[in-house]
Participant: 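Let me begin by handing over the structure; questions about it come next.
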Amino acid sequence: MDYIEIIGGERLEGEVTISGAKNAALPIMAASLLAGGLTVIHRVPRLRDIDTMLRIFHHLGVRGEFVDKDTLEIDATTITDCSAPYDLVRKMRASVLVLGPLLSRMGQARVSIPGGCVIGPRPIDLHLKGLEGLSARVEIEHGYVNATGSDLVGAEVYLGGRYGSSVGATINLIMAAARARGTTTIIAAACEPEVVDLCEFLNLMGAKVSGMGSPRITVEGVDELHPVEYTIIPDRIEAGTYLLAGALTGGSLAIRGARADHLDSLIEAMRGVGIEIIREGELIMVRATGDLKPVDIATLPYPGFPTDLQAQMMVLLSIVPGISVIIEKVYPERFMHVPELNRLGARISLEGAAALVRGGRRLSGAPVMASDLRASAALILAGLIAEGKTTVRRVYHLDRGYERMVEKLTALGARIKRIEDG
Ligand code: UD1
């Protein structure tokens, strides 16, 4: 299996362009199932998760393919199957996002229940609560969700969960409500920019969604939606990862094409550490200057600090002198990267959902193993500053969510290569 080899110690310099957001592209692809005809989506990143969604589409009898480097065409004129099988869903939990659109368009959907994953248990109870709120019948059988209901009816649904709002459940409910009879009000809706992007896409299709970006979203059902052409927002997690890479290596980077207003919590935390971040037109510039100091952060639903940047931020804090505390409030068990970072010389201890990062460490290269998508990015960042050689295995996780990361880092001056191994 391929692995990545990094020789640490290079300062990153130059400019990097951010790709489209995976977590906006996946729901927007799913929403294209709501309309017959040809949908065209621009700025779609070339990632394994996008391929997995396309494989689900092929299973549904829907044509979907890239027609140039980042433009995807989806033709959902006919749908011949209403199910997402276990073999595909287990590869990507976001497969469950076809539930709402299939139910709305076909009156039925059968989707395998995704299992837990390395970042902890990931239930879908809120997704099902949302659909039941619209009068769908939902049954669990043989590991599948069977949802039926050809006459969905708008309702008021409270979607808050134990860990706050749910991005996926909010998205599934909005998609199911778009063509339901009457008005749906979602209370405790997720406010993530990817939810807003989906709503903009749906409104262009003829839906009537308002309040997106706030915890109260209203969806007035319409009879029909039509296919459209749309451009996805830039990936805030990829942008944040490069901002951290620039800061960590003591370099000076310019990030092109990202939305700084989607990165407020990260920018605030990095400025708290003493990193200089400046917006200049289309660019966000990052530079490490002077003394760095520790910060305490808690991951939270948007606009709080994103859990998807927790592992990468931990790498920065492990070299900042002093003690920082990171509390993981979205996925309390999402710390699989900690023992691997400690192998590289970090000094991080865990107490429940809190990580105590004793900073000021000099990292030294070693073989490490990626456990999930964002953990793999964190290990690569650590490799960039570790003295000597770091090898990161199980890099297929990286292929799920970072477009051409090795090429992008190489262009910034990193000594990094991907090695094919059997
Ligand atoms: C999305 C992102 C993922 C990110 C996560 C949190 C996509 C494709 N993925 O995942 O990268 O890490 O948001 O920002 O957009 N929960 C329940 N019941 C449910 C659903 C969720 O209890 O029915 C819990 C989860 O276990 C978790 C929290 O709610 O603790 C937030 O999860 P959620 O926002 O749903 O994450 P995803 O949409 O799966």
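Both ligands and their constituent atoms are indexed starting at 1 by order of listing.
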Participant: Answer with side chain, backbone, both or neither: which part of Tyr302 has a heavy atom less than 4.0 angstrom from an atom of ligand 1?
Facilitator: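 For Tyr302, there is no contact with ligand 1 at all, from either part.
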Participant: Go through the steps to decide whether Thr390 and Val368 satisfy the test side chain to side chain contact (heavy atoms under 4.5 Å, CB included), and finish with yes or no.
Facilitator: CA-CA 7 Å; Thr390 297; Val368 285; 4.0 Å; yes
Participant: Atom OG of Ser324 and atom CG of Asp296: how far apart are they, to the nearest 0.5 Å?
Facilitator: 6.5 Å
Participant: N/O of Glu192 under 3.5 Å from N/O of ligand 1, yes or no?
Facilitator: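 Among all N and O atoms of Glu192, none is under 3.5 Å from an N or O of ligand 1.
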Participant: Going by the order shown, which atoms of ligand 1 are within less than 4.0 Å of some heavy atom of Thr307?
Facilitator: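 With Thr307 as reference, the close atoms of ligand 1 come out as 6 (C), 12 (O), 14 (O).
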Participant: With Arg63 as the cation and Phe57 as the aromatic partner, state whether NZ or CZ is under 6.0 Å from the six-membered ring centre and within 45° of the axis.
Facilitator: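 Output no; distance or angle outside limits.
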Participant: Which ligand 1 atoms does Ile124 reach within 4.0 Å, using its non-hydrogen atoms?
Facilitator: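 Those atoms are 19 (C), 23 (O).
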Participant: For ligand 1, which atoms sit closer than 4.0 Å to a heavy atom of Asn23?
Facilitator: 2 (C), 3 (C), 7 (C), 8 (C), 9 (N), 11 (O), 15 (O)
Participant: Considering only heavy atoms, which of Pro123, Ser95, Ala169, Gly168 lies nearest to atom 38 (O) of ligand 1?
Facilitator: Gly168
Participant: For atom 31 (C) of ligand 1, which of the options Val330, Leu373, Leu97 provides the nearest non-hydrogen atom?
Facilitator: Val330
Participant: Is any side-chain heavy atom of Met1 less than 4.5 Å from a side-chain heavy atom of Arg394?
Facilitator: no
Participant: Before signing off on this row, confirm whether Asp125 and ligand 1 have an N or O atom pair separated by under 3.5 Å.
Facilitator: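 It does: an N or O of Asp125 is found under 3.5 Å from an N or O of ligand 1.
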Participant: For ligand 1, which is the ligand I care about here, please tell me if Ser166 has any N or O atom under 3.5 Å from one of the ligand's N or O atoms.
Facilitator: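 Between Ser166 and ligand 1 (N or O atoms, distance only) the closest approach is under 3.5 Å.
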Participant: I want to know if ligand 1 touches Asp308 in the polar sense, i.e. an N/O pair below 3.5 angstrom.
Facilitator: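 Yes.
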Participant: Give me the one residue out of Arg400, Lys91, Arg55 that meets salt bridge (charged side-chain N to carboxylate O under 4.0 Å, His left out) with Asp49.
Facilitator: Arg400
Participant: Side chain, backbone, both or neither: which applies to Glu328 and ligand 1 if a contact is any heavy-atom pair less than 4.0 Å apart?
Facilitator: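 It is neither; nothing of Glu328 touches ligand 1.
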Participant: Please check if the side chain of His58 supplies one atom and the backbone of Gly64 the other of a donor-acceptor pair under 3.5 Å.
Facilitator: yes
Participant: So Cys191 and Ser165, do their side chains get closer than 4.5 Å, heavy atoms only?
Facilitator: no
Participant: Tell me which part of Leu126 gets within contact of ligand 1: side chain, backbone, both or neither, using heavy atoms under 4.0 Å.
Facilitator: both
Participant: Could you tell me whether the side chains of Ser371 and His397 share a donor-acceptor contact shorter than 3.5 Å?
Facilitator: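 Per modelled atom types, Ser371 and His397 side chains form no pair under 3.5 Å.
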Participant: Do any nitrogen or oxygen atoms of Arg93 lie less than 3.5 angstrom from nitrogen or oxygen atoms of ligand 1?
Facilitator: no
Participant: Show me which atoms of ligand 1 lie under 4.0 Å from any heavy atom of Tyr163.
Facilitator: 28 (C), 30 (O)
Participant: For Glu194, give me all partners under salt bridge (charged side-chain N to carboxylate O under 4.0 Å, His left out), at least two apart in sequence or on another chain.
Facilitator: Arg236
Participant: Find out whether Leu398 and Met405 are in side-chain contact, i.e. whether some heavy atom of one side chain is under 4.5 Å from a heavy atom of the other.
Facilitator: yes
Participant: Run the contact test for His127 against ligand 1 with a 4.0 Å cut-off on heavy atoms, strictly below, and give the result.
Facilitator: yes
Participant: So, 4.0 Å and heavy atoms of Arg334: is ligand 1 close enough to count as a contact?
Facilitator: yes
